[in-house]
Amino acid sequence: MSGTFVGMPAFPEAARAAVGDATLRANLRHATHTIRDKRARAVAELDDWARLREAGKRIKDHTLRHLDRYLLRLEEAVTAAGGTVHWAADAAEANRIVTRLVQETGESEVVKVKSMATQEIGLNEALEAAGVRAYETDLAELIVQLGHDRPSHILVPAIHRNRGEIRDIFRAEMGRWGRPAPEGLTDTPAELAEAARLHLREKFLRARVGISGANFMVAETGTLVVVESEGNGRMCLTLPETLISVVGVEKVVPTWRDLEVFLQTLPRSSTAERMNPYTSTWTGTTDSDGPRAFHLVLLDNGRTDTLADEVGRQALRCIRCSACLNVCPVYERAGGHAYGSVYPGPIGAILSPQLRGTASAVDASLPYASSLCGACYEVCPVAIDIPEVLVHLRERVVEGGEVTRRGVRVRLRPAKGHAAERAAMRAARWVFGHPGALRAGQRLASRTRAVHPRTLPGPGRAWSATRDLPPVPAEPFRDWWRRTHGEGSGA
Amino acid sequence: MRVALFLTCVNDTLYPDTGRATVKLLTRLGVEVDFPEAQTCCGQAHYNTGYRHQAEPLARHFSDVFGGYEAIVTPSGSCAAMVRELYPRLGERARAEGRGGGLAAAVAPVVPRTYELTEFLVDVLGVTDVGAYYPHTVTYHPTCHGLRSLRLGDRPARLLGAVKGLDLVELPGAEECCGFGGTFAVKNAAVSAAMGADKVRNAESTGADVLCAADNSCLMHIGGTMSRLKAGPRPVHLAEILASTEEEPLT
């Protein structure tokens, strides 16, 4: 799959296509089950996991409650350390700022650290339009970029690809972007990694501008933090002359002490490691070492509006570990692309409709992309009650309600396309409010059971396409009770 | 002890056998069972589909019907979870929206007194051996609400383990959702069906005669998939297994 997320079909339709793709399903099943089992073992090693989870939740909630204060402190500290802070209200503004900063260096290519924020705003495309080529240096992001593809997982963007597909992409595409793949490249992990290494090394040594995101920003010292497995990010952070970091405002933590909690919970939840292999921290600029110029672009893009929602704001606690994706039975079958966003899986299903609103068909369908099984809430290292937020957003879709858009309270109307469902829910509610009506309906169903169709009309067709309905019994329970226990018993 | 049976609308309409089995089992254990006939539905489908305001009068109706009972027992993990976990939230939200504490006060008595069947047997009655006889190989699917909302833990397995003649075999991927999810089964039918098919495949791989669960809505989805695929063991509600005895075996 290639191209843009804009114009994606709604989730059920996109998911149907993915379910039918046997290779995709096998890739996803293998990858998610491997990582979820490893995560469970890594978490079980800690006897204070529940307390760490609670601590992470509290730190994030506290920071979000006083976000204005911590962001100002961060700005002060970054500035004092020789960096420059830019504030971006939305994706367009962030892209304009970064493009201008790159153009001011006179460069026409940049190397990139894997970053969700820059994916979210479509920075690569914006740079491309301005004549600047952005090279992804994370192995999985490289595979996605070379394959003219879209990431389908927060942590493992190329999770939907297997080794054979990656070999083919490297062979066909590497030469067009720089150093070609070695002759006779096979699909062994060592050879694939070496091909990427040679290809990327050339980029690291040439680049004069690096672009990153950050996992955390420490307000007290103005320090940014990236945790990664490959060390490619560290090359991007230290080799160029100019470093531009684009970070969502919710990534700030007050102190280094707070960071301690997340440096334990993030690697175990994401890669099932006790500690991630590379933790890079950078604070402004330093004489005779590292970048000469450092810019921090603080990205809002719907975050403060999300913060205004009492139930939905907990999504901003997310530390992008992707444990919820790996454990989600829906993600496992539908794949990441079906979510129509850089944030797939359960967290994407609650984050995207808040950051982008529920106006589009895909965003309105995301709150329903879950069976509410609760596995995501159970694994979340910052205890985001994803099922609760999903139901909250479903209510927003079907009933409308008050939301904040660009700082202004607006009243949403109920989304279109739910009229029949709303009528059915109202009718059911009425029947359930009148036990006599329920009894009459049950009796009618029992008496007509010989002529019940095996397939259902309307929305019920989706059920009867793959599943048989249970036969309606000859006698509903309440009639049996009355027959055997007498009229009016237990009323 | 006198308890109210909250059978649930799905069981009442489609699975009366589960209701009869629950009555038979509780009566055998010396419990006096009432079936308040004004009972209807807990409102879970409304709540989970986003029609919270439609769920509120159903929560109030439930509380009116069951408020006077010392214990309310239901053979459905998800309906028990609705009452225990979500009724307090409904009450709090009504209060937060300036509609007063009436709903919160109405649901307060029923929330702690509502038990899923296995909780009631193990925690309240303190029994794990209910005197059942069921000579079959059984595999158990712990439903999502039982597993993650109510945290039933090993209660069902302990009850099944004490059944005479019963051979309990482990279900691979037991903790994975079967794909029902209420309206999810219709709204995202393709994913739901794929999840159901995997559950059936796992159940089939155990070689068991019977797939047991404590929630008929999940069994309706899994059983409907099995029936269509013509594969997998027979779906049976836990209450029917526990009600079965040598004198009166489950037919």
Side-chain angles (χ1 to χ4, degrees), chain A residues 11-12 15-16 19-20 25 310 329-330 333-334 367-375 377-378 388 391 393-399 421-422 425-426 428-429 431-433 435 438 441-442 445 459-460 462-463 465-470 472-473 475-478 480-482 485 488-491, chain B residues 4 7 9 11-17 19-20 23 34-41 43 45-54 57-58 61 89 144-145 147-149 175-177 179-197 220-221 223-225 227-228:
Chain A
F11 183 85
R16 190 180 309 123
V19 166
R25 271 184 77 182
E310 282 177 28
V330 177
R333 273 86 183 180
Y368 299 95
S370 167
S371 65
L372 302 181
C373 81
Y377 177 30
E378 196 165 73
E388 182 191 19
V391 169
L393 295 174
R394 290 176 184 188
E395 181 175 38
R396 179 174 299 172
V397 171
V398 298
E399 295 198 334
E421 177 186 275
R422 190 174 300 114
M425 285 290 173
R426 283 212 184 112
R429 214 276 289 152
V431 170
F432 292 141
L438 176 62
Q442 288 170 334
W463 176 281
T466 55
R467 289 154 287 208
D468 288 335
L469 286 165
V472 174
E475 180 184 51
F477 177 86
R478 61 181 67 229
W480 172 82
W481 177 269
R482 193 169 270 209
H485 291 74
S489 63
Chain B
L7 186 56
C9 55
N11 287 328
D12 182 11
T13 310
L14 293 172
Y15 299 97
D17 288 349
R20 287 196 284 268
V23 173
D34 251 6
F35 178 75
E37 290 191 31
Q39 66 176 279
T40 55
C41 165
H46 292 85
Y47 185 96
N48 281 349
T49 314
Y51 298 87
R52 181 168 53 90
H53 290 109
Q54 303 275 346
L58 296 175
H61 179 74
R89 271 186 209 176
C144 296
H145 288 101
L147 192 66
R148 285 179 278 265
S149 296
E175 299 194 350
E176 286 171 35
C177 176
F180 174 57
T183 47
F184 173 78
V186 175
K187 284 178 184 282
N188 279 290
V191 178
S192 167
M195 289 161 70
M220 178 172 71
H221 165 71
T225 308
S227 164
R228 185 64 59 89

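Side-chain atoms are counted along with the backbone in the values below, which use heavy atoms only and exclude waters and symmetry mates. Proteins get letters first, then strands, A, B, ... in listed order; numbering begins at 1 in each.
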* Of all the heavy-atom pairs spanning B:V186 and A:A462, show the shortest one and how long it is. => O-CB, 3.5 Å
* Quick one: of A:E395, A:R396, A:E399, A:R426, who has the most non-hydrogen atom pairs under 4.5 Å with chain B? -> A:E395
* Asked: Which bit of A:V19 is near chain B, if near means a heavy-atom gap under 4.5 Å: side chain, backbone, both or neither?
  -> side chain
* For A:R333, is it the side chain, the backbone, both or neither that has a heavy atom under 4.5 Å from a heavy atom of chain B? -> side chain
* Asked: What part of A:E388 gets closer than 4.5 Å to chain B, counting heavy atoms only: side chain, backbone, both or neither?
  -> both
* Structure fact -> chain B shares the most heavy-atom pairs under 4.5 Å, among A:G433, A:A375, A:A15, with A:A375
* To do: Establish, for the pair A:R478 and A:W481, whether the NZ or CZ atom is under 6.0 angstrom from the six-membered ring centre and no further than 45 degrees off its axis.
  => no
* Asked: Distance from A:F11 atom CZ to B:N188 atom CG, nearest 0.5 Å?
  -> 5.5 Å
* Asked: What residues form a side chain to side chain contact (heavy atoms under 4.5 Å, CB included) with A:V472, not counting sequence neighbours?
  -> A:A445, A:S446, A:R449, A:H452, B:L14
* Checking side-chain contact (heavy atoms from CB on, under 4.5 Å) for the pair A:F477/B:F35: CA distance, chi angles, key distance, verdict? -> CA-CA 10 Å; A:F477 177 86; B:F35 178 75; 3.5 Å; yes
* How long is the gap from NE2 on B:H61 to CG on B:L58, to the nearest 0.5 Å? -> 8.0 Å
* **Contact leader toward chain A among B:G223, B:A185, B:A193, B:G196, where contacts are heavy-atom pairs under 4.5 Å** => B:A185
* Evaluation steps, side chain to side chain donor-acceptor pair (under 3.5 Å), between B:Y51 and A:E421 -> CA-CA 10 Å; B:Y51 298 87; A:E421 177 186 275; 2.6 Å; yes
* Asked: Looking at B:G19, B:G181, B:G43, B:G50, which has the largest count of heavy-atom pairs under 4.5 Å with chain A?
  -> B:G50
* Asked: With respect to chain A, which residue among B:M220, B:R89, B:H46 yields the maximal number of heavy-atom pairs within a distance under 4.5 Å?
  -> B:H46
* To do: Would you mind checking which part of B:E176 comes under 4.5 Å of any heavy atom in chain A, side chain (CB onward), backbone (N, CA, C, O), both or neither?
  => side chain
* Structure fact -> In terms of heavy-atom pairs under 4.5 Å with chain A, the winner among B:R52, B:R148, B:Q39 is B:R148
* What part of B:S149 is in contact with chain A, defined as an atom under 4.5 angstrom from a non-hydrogen atom: side chain, backbone, both or neither? -> neither
* Structure fact -> OG1 (B:T225) and CG (A:D468) are apart, to the nearest 0.5 Å, by 8.5 Å
* Structure fact -> Greatest number of non-hydrogen atom pairs under 4.5 angstrom with chain A, of B:N11, B:T183, B:L147, B:V23, falls to B:V23
* Asked: For the atom pair OG (B:S192) and CZ (A:R467), what is the distance rounded to the nearest 0.5 Å?
  -> 4.0 Å
* To do: Check whether A:A465 gets within reach of chain B through its side chain, its backbone, both or neither, counting any heavy atom under 4.5 Å.
  => backbone
* What distance separates B:D12 CG from B:E37 CD, expressed to the nearest 0.5 Å? -> 10.0 Å
* Asked: For B:E175, is it the side chain, the backbone, both, or neither that has a heavy atom closer than 4.5 Å to a heavy atom of chain A?
  -> neither
* Most contacts with chain B, counted as non-hydrogen pairs under 4.5 angstrom, among A:R422, A:R16, A:R429, A:E475 -> A:R429
* Side chain, backbone, both or neither: which part of A:L469 has a non-hydrogen atom closer than 4.5 Å to chain B? -> neither
* **Spacing of A:S371 atom OG and B:F180 atom CZ [to the nearest 0.5 Å]** => 10.5 Å
* Quick one: which of A:A369, A:C373, A:A428 has the most heavy-atom pairs under 4.5 Å with chain B, could you say? => A:C373
* Portion of A:R25 that has a non-hydrogen atom of chain B nearer than 4.5 angstrom -> side chain
